[in-house]
Amino acid sequence: MAEPIRIAYLYEDLMNTYGDSGDVKILRYWLGQEGYAVVVDNVSLGTPFNAADYDFVFFGGGQDYEQTVVAKDLPRFKDTLADYIEAGKPMLAICGGYQLLGAYYKTSDGTTIKGLGILPLHTVFKADARMIGDTEFETEYGTVKAFENHSGRTYFDDKNKLHPLGKMIQGYGNNPDDGVEGMRYKNTFGSYAHGPILRNANIAKAIAKLIVKSHLDRVGQPTA
Ligand code: GLN
């Protein structure tokens with residue numbers, strides 16, 4: 001039996017707003033089309049986790065309250081996830097999960113939720129507008145259509161290291177100032193796009209391809 005592709009879903013039970021689990025279902029479909037079985041582990045509060053055992057890591061969106069709960073458990077993942085990301089293994093983080101890859105998220109009630117601090121970005125609340133609605137942005141994979149619903153505004157602290165995932169056509173994306181959506185660093189993607197984002201087959205197929213490569217690097221090429 002071929003080894004299945006292994007996906008770690010960080011805090012599946014807590015970080016799943018607006019159907020972000022659909023991203024994992026869609027990847028399961030595209031990977032199935034390539035003949036791969038897929039195992040998804042819910043890596044939640046207290047679950048042991050070694051990122052190197054996985055071919056893909058997914059981190060969905062969440063409300064501020066869930067983010068505060070998750071942020072308390074999260075620091076133990078810092079080293080294993082930083083190594084995984086630096087090694088160029090694929091990861092997708094949506095909205096609340098995207099925010100938690102950065103240094104911090106300062107919420108509407110003034111609380112500062114500490115993030116993993118792996119990527120040079122931070123997120124702040126500003127009272128004038130919650131960013132809600134349909135979004136459309138242009139990426140290297142083509143146009144992506146989704147929707148957003150967040151109060152946090154994300155800014156890059158190192159624009160040489162992080163690249164936007166796309167240029168806004170409609171909606172806010174990272175924040176109302178920069179005109180860009182999401183982030184790419186090596187093969188780690190961050191985005192505010194729910195919908196789920198991977199209903200856009202162009203980007204879903206590109207990520208599925210990265211996952212297959214990551215899987216083959218981990219388990220070795222098939223012999224027959
Ligand atoms: N709670 C965060 C915010 O409002 C993230 C929201 C989300 O994940 N949809 O900015």
Side-chain angles (χ1 to χ4, degrees), residues 8-27 42-45 57-74 77 81 91-137 144-157 162 164-166 168 170-184 188-200 203 207:
Y9 190 150
L10 302 184
Y11 308 97
E12 179 175 8
D13 46 343
L14 293 163
M15 299 291 282
N16 175 26
T17 46
Y18 316 119
D20 288 337
S21 61
D23 286 325
V24 174
K25 288 185 180 145
I26 291 165
L27 287 170
N42 173 17
V43 178
S44 192
L45 304 176
V57 177
F58 182 75
F59 200 0
Q63 299 174 79
D64 291 1
Y65 175 70
E66 279 81 10
Q67 287 179 281
T68 58
V69 174
V70 161
K72 289 196 185 110
D73 186 61
L74 202 55
F77 294 164
L81 271 179
M91 172 163 186
L92 174 62
I94 303 294
C95 204
Y98 171 34
Q99 295 169 345
L100 289 174
L101 287 180
Y104 62 86
Y105 165 34
K106 205 164 177 195
T107 70
S108 55
D109 67 7
T111 309
T112 297
I113 302 175
K114 214 169 162 322
L116 280 159
I118 295 175
L119 296 180
L121 57 89
H122 69 275
T123 302
V124 289
F125 165 83
K126 217 169 144 201
D128 47 1
R130 189 173 174 93
M131 290 151 275
I132 306 179
D134 291 334
T135 57
E136 193 174 342
F137 49 97
V144 172
K145 289 186 180 187
F147 83 92
E148 63 187 335
N149 187 348
H150 55 112
S151 63
R153 303 169 176 212
T154 295
Y155 296 90
F156 295 168
D157 298 315
L162 306 183
L165 177 60
M168 294 319 290
Q170 184 191 350
Y172 296 96
N174 285 349
N175 58 63
D177 310 309
D178 294 338
V180 297
E181 153 60 38
M183 175 285 308
R184 179 163 182 179
T188 292
F189 299 82
S191 176
Y192 274 107
H194 301 287
I197 183 176
L198 296 185
R199 75 193 165 108
N200 294 274
I203 188 161
I207 290 179

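Remember, it's 1-based here, ligands and their atoms both numbered in the order they're listed.
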Do Leu165 and Ile203 make a side-chain contact, defined as non-hydrogen atoms from C-beta onward lying under 4.5 Å apart? yes

Give the ring-plane orientation class for Tyr11 versus Phe59, where under 30° counts as parallel, over 60° as perpendicular and anything between as tilted. tilted

How far is atom 9 (N) of ligand 1 from the closest protein heavy atom, and which atom is that? Cys95 SG, 2.9 Å

Verify side chain to side chain donor-acceptor pair (under 3.5 Å) between Glu181 and Ser191, making sure each step is shown before the conclusion. CA-CA 7 Å; Glu181 153 60 38; Ser191 176; 2.3 Å; yes

Would you mind running through ligand 1 and noting each atom that sits below 4.0 Å from a heavy atom of Tyr18? 9 (N)

Gly152 N/O under 3.5 Å from ligand 1 N/O: yes

Inspect the surroundings of OH in Tyr172 and state if more than 12 heavy atoms from other residues, nucleotides or ligands are less than 6.0 Å away. no

Suppose I only count heavy atoms of Asn149 and a 4.0 Å limit; which atoms of ligand 1 are within that range? 6 (C), 7 (C), 9 (N)

For Gly96, take its heavy atoms, then give the atoms of ligand 1 lying under 4.0 Å from any of them. 5 (C), 7 (C), 8 (O)

Between Tyr105 and Ser151, do the side chains contain a donor N or O and an acceptor N or O under 3.5 Å apart? yes

Within ligand 1, which atoms have a heavy atom of Gly61 less than 4.0 Å away? 8 (O)

Any Gln99 heavy atom less than 4.0 Å to ligand 1: yes

Below a 4.0 angstrom heavy-atom separation, can you tell me which part of Phe125, side chain or backbone, both or neither, approaches ligand 1? neither

Validation row: Asp13, Asn16 side chains within 4.5 angstrom (heavy atoms): no

To check you understand the geometry: which heavy-atom pair defines the closest contact between Asn174 and Gly182, and what is its length? OD1-N, 2.8 Å

Any heavy atom of His194 closer to ligand 1 than 4.0 angstrom? yes

Mark up the atoms of ligand 1 that fall under 4.0 Å of a heavy atom belonging to Gln63, in ascending order. 1 (N)

Would you say Arg130 contacts ligand 1, with heavy atoms under 4.0 Å as the rule? yes

Criterion side chain to side chain donor-acceptor pair (under 3.5 Å) on Asp157 and His122, from CA distance to verdict: CA-CA 7 Å; Asp157 298 315; His122 69 275; 2.7 Å; yes

Would you say Asp64 has any N or O atom under 3.5 Å from an N or O of ligand 1, going by distance alone? yes

Report the nearest protein non-hydrogen atom to atom 4 (O) of ligand 1: residue, atom name, distance rounded to 0.1 Å. Ser151 N, 3.0 Å

So do the side chains of Met91 and Leu81 get within less than 4.5 Å of each other, counting heavy atoms only? yes

Is the shortest N/O to N/O distance between Gln67 and ligand 1 below 3.5 Å? yes

Per-atom filter on ligand 1: closer than 4.0 angstrom to a heavy atom of His150 are 3 (C), 4 (O), 10 (O)

Answer yes or no: does an N/O atom from Gly62 fall short of 3.5 Å to an N/O atom of ligand 1? yes

Which label fits Phe58 and Tyr9: parallel for a plane angle under 30°, tilted from 30 to 60°, or perpendicular past 60°? perpendicular

Ligand 1 atoms nearer than 4.0 angstrom to some heavy atom of Thr17 are 8 (O), 9 (N)

For the pair Tyr18 and Phe147, name the ring-plane relationship: parallel under 30°, tilted 30 to 60°, perpendicular over 60°. perpendicular

Which segment of Tyr105 sits under 4.0 Å of ligand 1 when only heavy atoms are counted: side chain

